[in-house]
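What follows is a short report on a single structure.
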Amino acid sequence: MIAHSVDDPFYYLHNFQQVLDWIELRYADLLDDQEQAFISQFRQQPQAARALLVRMVMRKGQLFRPSKLDYAEIGSTQAALAPLLALGWVVDDSPLSLEQLFQLLRKDELAQGFAERLERPRAAKGELLAQLQALELPPQPLQQWLPGFAEPIIELRLQALCDRLRLLFFGNLYQDWSEFVLADLGLLRYEQVAFSADSRALRQRSDIDVALALHQCAELLEQGVALEQVVGHIECLDSDNPWLLRRRSRLLYQLGQHSERLGDWPLALRIYPRSQHPQARIRHVRVLERSEQWAQAFELASQIARQPANSLEVQALARMLPRLQRKLGGPPQPRRAKPQVSLVELQLPAELAALGVEQAVQLHLGQGGGQVHYVENSLFNSLFGLLCWEAIFAPLPGAFFHPFQSAPQDLHDAEFHGRRSELFARCLGQLDDGSYRQTIRRHFVSKQGLQSPFVYWQVLSEELLEQALICLPPAHLKSCFERLLEDIQANRSGMPDLIQFWPEQQRYRMVEVKGPGDRLQDSQLRWIEFCAGHGLPVEVCHVHWAP
DNA sequence: ACCGTACACACACAC
DNA sequence: GGCGACGCGG
DNA sequence: GTGTGTGTGTACCCGCGTCGC
Ligand SMILES: [Mn+2]
Ligand SMILES: [Mn+2]
């Protein structure tokens, strides 16, 4: 599937052609005439022209100077360009804004070309731009900006089409064509899932359009376009595809946060109710509170408290409800019980501060016998990922559809566990009969280095793994893994900095380190609460620096 | 990992 | 001419 | 001093050339 970069100078072209073939085979019914035509015409072009086009597609932006497109395997850029210009896939007379011109030309070229119109031609490049921006010159072709400039500037007109193809192949827009070469070089290695030939990222053209439009809205948001306008755009976009809906909710949530930052509470109050983001309802209450609508805030908070959707909501409400009751003139609220956790106050020499608090405590605790590892979330998540490898990478319909996936598409759906409950039950069942150790060791070897949403290969040494398998009781692992499966997103974080093992006694403890001025985060509090409830040994260690 | 996702760290404010 | 930001390429 | 909320900074393959200062 992947062309080898070491012995094929056109490896990128062959990879691109593979993607076209893949799409033609599986997605033909989702392409329009223009897209179909591109795929078939592309094949008929000379190799040099095809290669140059792909090089341009892989580069940043759509505007280029031919002198910057100099590739040994392609040879003459001019010759390669001719067929692309004839087809209109590339044009060489696009109007350019002043800003675009400044991105393409060097400072000395601009200073020379605009010499008469610049007051201070020796200033910094950004200053030169500012001087010319004041003249409010409209976009125009290069030949009008700077008649007689040594080379043209060419524009690739196929970026939108190629984004669509990339979306179809990868099912997202954050992966790009460098995936192929990274995989070829062994820098990224993926599990080979035996998915069926009809497994596809997207099933209808309208979903593709929605995905592209959402991506565009995210870009508008980033560029700082008026929020009202972006919200209006998003509201028109609908789909029954769960990951598109999740994407939409996330974007609305971000818009809500932007509104908050601008102090636009009415807008935030309109946006948050439209988002299904796990924290959207809490933000809604919070904005009611910030805008001093305490009665409505209390009412909504009480309503959520009757049917909380997740543990984040429960936790946030425990803080907000007493506060709101006080605001409404209720009786003084009893102080919430602090979490049951053993606290250690530790005084360390200030020289160790350079290591960072976690490493300083790691060093200190290690002197008392019992090896200490700085693991945070990596240990428990890795053990989970190794034990449940087959369930996570099971070829369920629609979960896998291309060779570069590190996780199933529905990993963060509420139904992820339900759709695989049999498989996970089988994995977790191994914690009852002791066979889990062999499964974890087997996958540690056979899957070594393969991308996984749970396994942190760079942290998980064999020594750490063996100590963990000796010291961690299977019942503790089972509680932890069941909690993870209840809500992967929320429960995969918050685990303590350090873990200490005493293999001779089959004993361990976890230690969350807190330097001066630091405090437990919500996810860390929830982990500690979970540990208290299931008998997992965890401590919090406050560090003070000795003068 | 769809400018995200973990962390710690820096402020602010109310009690 | 040294330094950092950034884009590129395998 | 407590408890809260909010906004930052940092890291994601890595060596190399170009550009700007
Ligand atoms: Mn930590
Ligand atoms: Mn810590």
Side-chain angles (χ1 to χ4, degrees), chain A residues 2-9 11-12 15 55 58-61 67-73 102-111 122-128 163 166-167 170-188 211-212 214-219 221-223 243-244 246-248 250-251 254 257 260-261 282-283 286 289-290 316 318-320 322-323 326-327 332-333 335-336 338 356-358 374 376-378 381 405-407 409 411-412 451 453 456 458 489 492-497 512-524:
Chain A
I2 302 173
H4 295 300
S5 57
V6 283
D7 46 44
D8 177 4
Y11 72 91
Y12 56 92
N15 288 331
R55 285 290 194 186
M58 292 173 65
R59 298 262 298 250
K60 186 179 177 172
S67 61
K68 296 273 182 189
L69 296 171
D70 185 22
Y71 295 100
E73 78 281 1
F102 264 67
Q103 285 179 347
L104 289 157
L105 302 200
R106 286 195 317 276
K107 185 191 161 187
D108 59 306
E109 294 168 329
L110 292 160
R122 311 221 40 147
K125 193 177 183 185
E127 164 66 16
L128 299 188
D163 282 347
R166 195 156 56 87
L167 172 63
F170 287 115
N172 62 57
L173 285 165
Y174 71 88
Q175 288 178 292
D176 58 37
W177 282 282
S178 69
E179 291 287 333
F180 285 84
V181 74
L182 293 177
D184 177 45
L185 294 172
L187 290 166
L188 294 177
L212 291 168
L214 283 172
H215 184 75
Q216 205 174 357
C217 287
E219 282 178 340
L221 177 62
E222 203 185 337
Q223 287 163 22
W243 74 265
L244 281 175
R246 200 168 56 237
R247 184 86 199 89
R248 198 176 95 112
R250 181 188 302 260
L251 199 51
Q254 289 174 331
Q257 292 193 302
E260 283 197 74
R261 213 157 297 166
I282 291 301
R283 291 318 306 170
R286 185 65 193 125
E289 187 184 14
R290 293 180 90 177
R319 283 196 291 257
M320 295 202 293
R323 203 168 59 213
R326 221 180 320 118
K327 271 291 179 199
Q333 298 300 311
R335 197 164 269 229
R336 281 188 310 117
K338 293 226 284 187
V357 263
E358 295 88 358
Y374 184 11
E376 289 185 331
N377 307 311
S378 64
N381 281 325
Q405 277 180 267
S406 60
Q409 178 80 340
L411 181 65
H412 293 299
Q451 297 291 122
Y456 296 66
Q458 67 282 21
Q489 184 106 299
R492 58 175 301 148
S493 63
M495 296 160 202
D497 297 311
E512 173 53 44
V513 180
K514 286 296 165 199
D518 193 11
R519 59 187 142 123
L520 292 169
Q521 300 177 16
D522 284 358
S523 60
Q524 294 170 332

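In what follows, chains carry the letters A, B, and so on, assigned in the order in which the sequence lines appear, proteins first and then strands, with residues in each chain numbered from 1.
- The distance from atom NZ of A:K60 to atom P of C:dC8 is 8 Å, rounded to the nearest whole Å.
- To the nearest whole angstrom, the two C1' atoms, one in D:dT8 and one in C:dG7, are 27 Å apart.
- With hydrogens and angles ignored, the 3.5 Å screen pairs no side-chain donor or acceptor of A:R166 with any backbone N or O of A:D176.
- Atom CD in A:E260 sits roughly 7 Å away from atom P in D:dG7 (whole-Å rounding).
- Applying the side-chain contact (heavy atoms from CB on, under 4.5 Å) test between A:Y11 and each of A:I2, A:V181, A:V6 identifies A:V181 as the sole match.
- Remark: A:Q405 pairs with no residue by the side chain to side chain donor-acceptor pair (under 3.5 Å) rule, at least two apart or across chains.
- In this structure a side-chain-to-backbone donor-acceptor pair under 3.5 Å is present from A:Q524 to A:Q521.
- Within the 3.5 Å criterion, the main-chain N or O of A:V513 finds a donor-acceptor partner in the side chain of A:D497.
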When you compare the protein's N or O atoms with those of nucleotides 13-17 of chain D, which come within less than 3.5 Å of each other, and at what distance?
none

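- Contacts of A:K107 classified as salt bridge (charged side-chain N to carboxylate O under 4.0 Å, His left out), with partners at least two apart in sequence or in another chain: none.
- Look at CG on A:L69: it is 13 Å from C1' on C:dG7, rounded to the nearest Å.
- Atom P of D:dC12 sits at a distance of 14 Å from the matching atom of C:dA5, rounded to the whole Å.
- Contact annotation: A:N377 reaches the phosphate of B:dC7 (side-chain N/O to OP1 or OP2, under 4.0 Å).
- When rounded to the nearest whole Å, the span between CD of A:E73 and P of C:dC8 equals 15 Å.
- In this structure, the side chain of A:K125 does not engage the main chain of A:L110 through any donor-acceptor pair within 3.5 Å.
- One atom, CG of A:D176, and another, P of C:dG10, lie 14 Å apart when rounded to the nearest Å.
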Could you go over nucleotides 18-20 of chain D and give all protein N or O partners under 3.5 Å, atom names and distances?
residue	atom	partner	partner atom	Å
D:dT18	O3'	A:K68	NZ	3.3
D:dC19	OP1	A:K68	NZ	2.8
D:dG20	OP1	A:K107	N	3.0
D:dG20	OP1	A:K125	NZ	2.8
D:dG20	OP2	A:K107	N	3.3

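- Under the side chain to side chain donor-acceptor pair (under 3.5 Å) criterion, A:Y174 pairs with no residue, sequence neighbours left out.
- Atom CZ in A:R250 sits roughly 10 Å away from atom P in B:dA1 (whole-Å rounding).
- Of the possible donor and acceptor atoms, one in the side chain of A:N381 sits under 3.5 Å from a partner among the backbone N and O of A:R492.
- For A:R59 and C:dC8, the shortest distance from a side-chain N or O to OP1 or OP2 is below 4.0 Å.
- A salt bridge links A:E73 with A:R55; the closest basic N to acidic carboxylate O contact falls under 4.0 Å.
- Remark on DNA chain B: of its neighbouring residues A:L251 and A:P453, the 5'-side contact belongs to A:P453, judged by nearest-heavy-atom nucleotide.
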Output a table of nitrogen or oxygen pairs between the protein and nucleotides 8-14 of chain B separated by less than 3.5 Å.
residue	atom	partner	partner atom	Å
B:dA8	OP1	A:D497	OD1	3.4
B:dA8	OP1	A:E512	OE2	3.2
B:dA8	OP2	A:K514	NZ	3.2
B:dA8	OP2	A:Q521	NE2	3.0
B:dA8	OP2	A:Q524	NE2	3.2
B:dA10	N6	A:R519	NH2	3.4

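- Residue contacts for A:Q216: at a heavy-atom cut-off of 4.0 Å it reaches no nucleic acid atom on any strand shown.
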In dot-bracket form, 5' to 3', how is DNA chain D paired? Count Watson-Crick and G-U wobble pairs only if both distances fall under 3.5 Å, and write | where the partner sits on another strand.
|||||||||||||||||||||
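- Distances shorter than 4.0 Å separate some side-chain N or O of A:Y71 from OP1 or OP2 on C:dG9.
- Within 4.0 Å (heavy atoms only), A:F180 reaches no atom of the nucleic acid at all.
- A:Q103 pairs by the side chain to side chain contact (heavy atoms under 4.5 Å, CB included) definition with nothing, not counting sequence neighbours.
- An OP1 or OP2 oxygen of C:dG10 is reached within less than 4.0 angstrom by a side-chain nitrogen or oxygen of A:R55.
- C:dG9 and D:dT10 have their C1' atoms separated by 26 Å, with the value rounded to a whole Å.
- B:dC3 and D:dC13 have their P atoms separated by 15 Å, given to the nearest Å.
- In terms of the ring pair (Phe, Tyr, Trp, His ring centres under 6.0 Å) criterion, residue partners of A:F170 (sequence neighbours excluded) are, by chain and number, A:H402.
- Applying the side chain to side chain donor-acceptor pair (under 3.5 Å) test to A:N172 and every residue at least two apart in sequence or in another chain returns A:Q175.
- Atoms CG and OG, from A:D184 and A:S178 in turn, are 12.5 Å apart once rounded to the nearest 0.5 Å.
- Rounded to whole Å, atom P of C:dG9 lies 8 Å from atom OH of A:Y11.
- Between A:Y12 and the phosphate of C:dG10, there is no side-chain N or O to OP1/OP2 separation shorter than 4.0 Å.
- Here B:dA6 is the nucleotide among C:dG9, B:dA6, C:dG7 with the atom lying nearest to any side-chain atom of A:S493.
- Scanning for side chain to side chain donor-acceptor pair (under 3.5 Å) contacts around A:R283 gives A:E260, with sequence neighbours left out.
- Considering only residues two or more places apart in sequence or on other chains, A:D518 meets the salt bridge (charged side-chain N to carboxylate O under 4.0 Å, His left out) condition with A:K514.
- On the P atoms, C:dC6 is 14 Å away from D:dG9, given to the nearest whole Å.
- As judged by a 4.0 angstrom heavy-atom cut-off over every strand, A:G356 is placed among residues making no nucleic acid contact.
- Phosphate proximity of D:dT6 to A:R261: absent, as no side-chain N or O sits under 4.0 Å from OP1 or OP2.
- Look at A:R323 and you won't find any side-chain N or O under 4.0 angstrom from OP1 or OP2 of D:dG3.
- Taking only side-chain atoms of A:S523, from C-beta outward, the nucleotide of B:dC7, B:dA1, C:dC8 with the closest atom is B:dC7.
- The phosphate of D:dC21 (OP1 or OP2) has no side-chain N or O of A:R122 nearer than 4.0 angstrom.
- Atom P of nucleotide D:dG5 and atom CE of A:M320 are separated by 8 Å, given to the nearest angstrom.
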